[in-house]
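Letters go in sequence order (proteins before strands), and every chain restarts at 1.
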Amino acid sequence: MKAFKFLRARTCGEAAQLLAKNADARVHAGGTDLLGRMKERLDTSDVLVSLCDAAGLDQIRVETDGSIWIGARVTLAELAASEACRTFLPTLAEAAGLAASPQLRQRATIAGNLAQQTRCHYFRLATFPCWKRGDDACPVKEAGGVQDTAGIFDGACVSAHPSSVAPVLGSLDAEITVRDAKGPRPVPFDAFWAAPKPGIATDTILGAGDVIEAIRIPPRAAKQYMGYAEVRQKAAFDWALVSCAVRYEIVEGAMHDVRVWFGSVAPAPWRARLAEAALQGGACTDEAAAKAADAALAEARPVAGAAYKEHLARVALRRALADAREGAK
Amino acid sequence: MKPATEPDSPARSKVQMILRVNGESHDVAFVPHKTLLEVLREDMRLTGTKHGCELGECGTCTILVDGVPRLSCLMLGLESDGHDIRTIEGMAGACGAHPLQTAFAELGAAQCGYCTPGFLLAAEAVLARDPTPSRATLVEELGGNLCRCTGYLKIYEAIELAAARMQKGTPDA
């Protein structure tokens with residue numbers, strides 16, 4: 001691995017100060033994405049600012065107003081095991097517990113899960129050209145065969161954001177607290193993602209001096225129906241090919257305040273607003289799920305090798321809605 | 001440990017650290033960008049921990065950090081400060097092989113053997129939490145360790161045999 005300086009921040013505020021002083025620095029916590037990219041020389045930063053000792057960022061708190069505060073360094077294993085998560089945010093605990101492998105879940109953090117870069121095989125191997133790394137060519141668009149990391153929406157870059165935890169956070173209207181040297185600022189989940197640009201590896205609005213401090217889930221007065229489903233090739237240690245998280249309330253027998261988010265289908269976690277509109281005000285049935293999927297997928301423009309994901313998205317939405325309806329959560 | 005928060009410390013100068021490995025404290029010097037896997041193998045000559053994909057995709061570099069299976073390829077040596085590290089070299093006790101090691105040898109639960117140290121340590125962590133794990137628990141808990149010889153059944157059987165012997169208090173009979 002390339003040599004770097006390793007600076008340990010004692011607080012998130014100190015991390016922001018260190019980032020302001022070191023323009024080329026990267027934020028380190030679990031290292032499961034960053035260190036892999038540094039080994040492959042996809043990232044050649046000279047300085048890591050680590051949150052590994054930063055106070056408080058490993059906590060999950062239920063606040064007095066009922067909102068839930070999740071520190072940036074909370075791991076996927078901690079989310080999956082957390083009593084607060086399992087009780088109030090069961091879809092988040094479920095998605096976190098299904099991700100990766102036991103060892104990776106012990107390291108991978110919620111903030112890193114959002115900020116991770118694409119898992120496109122061509123992006124990850126410096127020997128291939130990549131549009132995101134500044135080349136003209138994109139091997140995925142030219143390749144035949146089945147593409148597991150490609151999405152079905154937004155054609156500028158066909159690689160999909162791989163997180164299955166992110167669509168759940170989207171469905172919960174999570175807010176991301178981002179800190180820089182001037183202080184913290186809340187970023188709505190929708191606004192956290194940046195459209196793909198040539199030569200830009202990151203998929204978020206995080207700038208050079210920014211560090212994620214926490215994820216905040218707003219409180220809800222009414223009973224919440226939450227559902228999650230993912231489709232993947234292997235039972236363990238695999239990425240979702242498509243994931244789907246839904247949340248709604250029931251008002252007089254009809255779905256209200258509906259959220260439908262997909263993972264692994266677009267360069268960012270993808271909010272299916274047309275599906276939400278189709279479901280809003282109706283009953284939660286498999287027929288409604290099919291109509292909502294039609295609405296959501298009307299805009300799909302997959303490369304040939306990822307066209308199968310349209311079907312997987314239909315299946316995932318139907319299962320996620322059934323999961324919510326059955327009220328196990 | 002040398003203060004790593006000092007912004008001017010040159011990236012290539014070594015840091016001196018006390019590492020607690022297999023119950024003993026070791027004074028080790030290494031460059032800050034070395035992974036714990038590299039520190040163990042190259043600076044401490046503990047080559048039982050295997051070097052696989054280096055990206056967290058295979059689990060062969062699994063060690064125990066405070067009793068929890070971790071990937072030494074994705075953890076920096078610097079992060080092991082203050083933690084209790086256990087590698088395969090620390091598994092056999094004064095009385096000989098660990099019951100898991102004995103069972104793996106008896107049942108042929110190692111083929112090429114490259115994944116074996118990681119599996120043994122991950123299995124030890126499972127048994128510490130759940131002395132009589134179901135097969136489903138084993139499959140789930142060992143899901144992060146790949147055996148490219150695909151010898152999974154014998155590995156599960158060996159862990160179950162060791163678990164049964166450890167319950168009876170007869171490590172190798």
Over 12 non-hydrogen atoms of neighbours within 6.0 angstrom of CZ in A:Arg26 =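 More than 12 heavy atoms, drawn from other residues, nucleotides or ligands, come within 6.0 Å of this atom.
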A:Lys2, part contacting chain B, at a heavy-atom distance under 4.5 Å | backbone
Taking a cut-off of under 4.5 angstrom between non-hydrogen atoms, the residues of residues 107-119 of chain A near chain B are A:Arg107
Which residues in residues 95-104 of chain A have a heavy atom less than 4.5 Å from any heavy atom of chain B?
->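 Expected list: A:Ser101, A:Pro102, A:Gln103, A:Leu104.
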Using non-hydrogen atoms and a 4.5 Å limit, figure out which bit of B:Cys73 sits close to chain A: side chain, backbone, both or neither.
->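 Both backbone and side chain.
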Examine whether an atom of B:Cys61 lies under 4.5 Å from a heavy atom of chain A, and if so say whether it belongs to the side chain, the backbone or both; otherwise answer neither.
->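 No part of B:Cys61 comes within 4.5 Å of chain A.
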Closest contact, heavy atoms only, B:Gly56 versus A:Phe237 =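 Residues B:Gly56 and A:Phe237, closest heavy atoms: O-CZ, 3.4 Å.
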A:Lys39 side chain to B:Glu54 backbone, donor-acceptor under 3.5 Å | yes
Sort out for me which of A:Asp53, A:Leu35, A:Val47 touches chain B most, counting heavy-atom pairs under 4.5 Å.
-> A:Leu35
Taking NZ, NE, NH1 and NH2 as the nitrogens, is one of them in A:Arg105 or B:Glu140 under 4.0 Å from a carboxylate oxygen of the other?
->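 So A:Arg105 pairs with B:Glu140 through a salt bridge.
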Could you give me the CA-CA distance, side-chain angles and deciding distance for B:His33 and A:Leu48, then say whether side-chain contact (heavy atoms from CB on, under 4.5 Å) is met?
-> CA-CA 10 Å; B:His33 61 277; A:Leu48 301 195; over 6 Å; no
Report the C-alpha distance between A:Thr32 and B:Leu55 in whole Å, list the side-chain angles of each, state the deciding distance to 0.1 Å, and finish with yes or no for side-chain contact (heavy atoms from CB on, under 4.5 Å).
-> CA-CA 7 Å; A:Thr32 57; B:Leu55 295 168; over 6 Å; no
Say you draw a straight line from CG of B:Leu76 to OG of A:Ser50; how long is it, rounded to the nearest 0.5 Å?
-> 7.5 Å
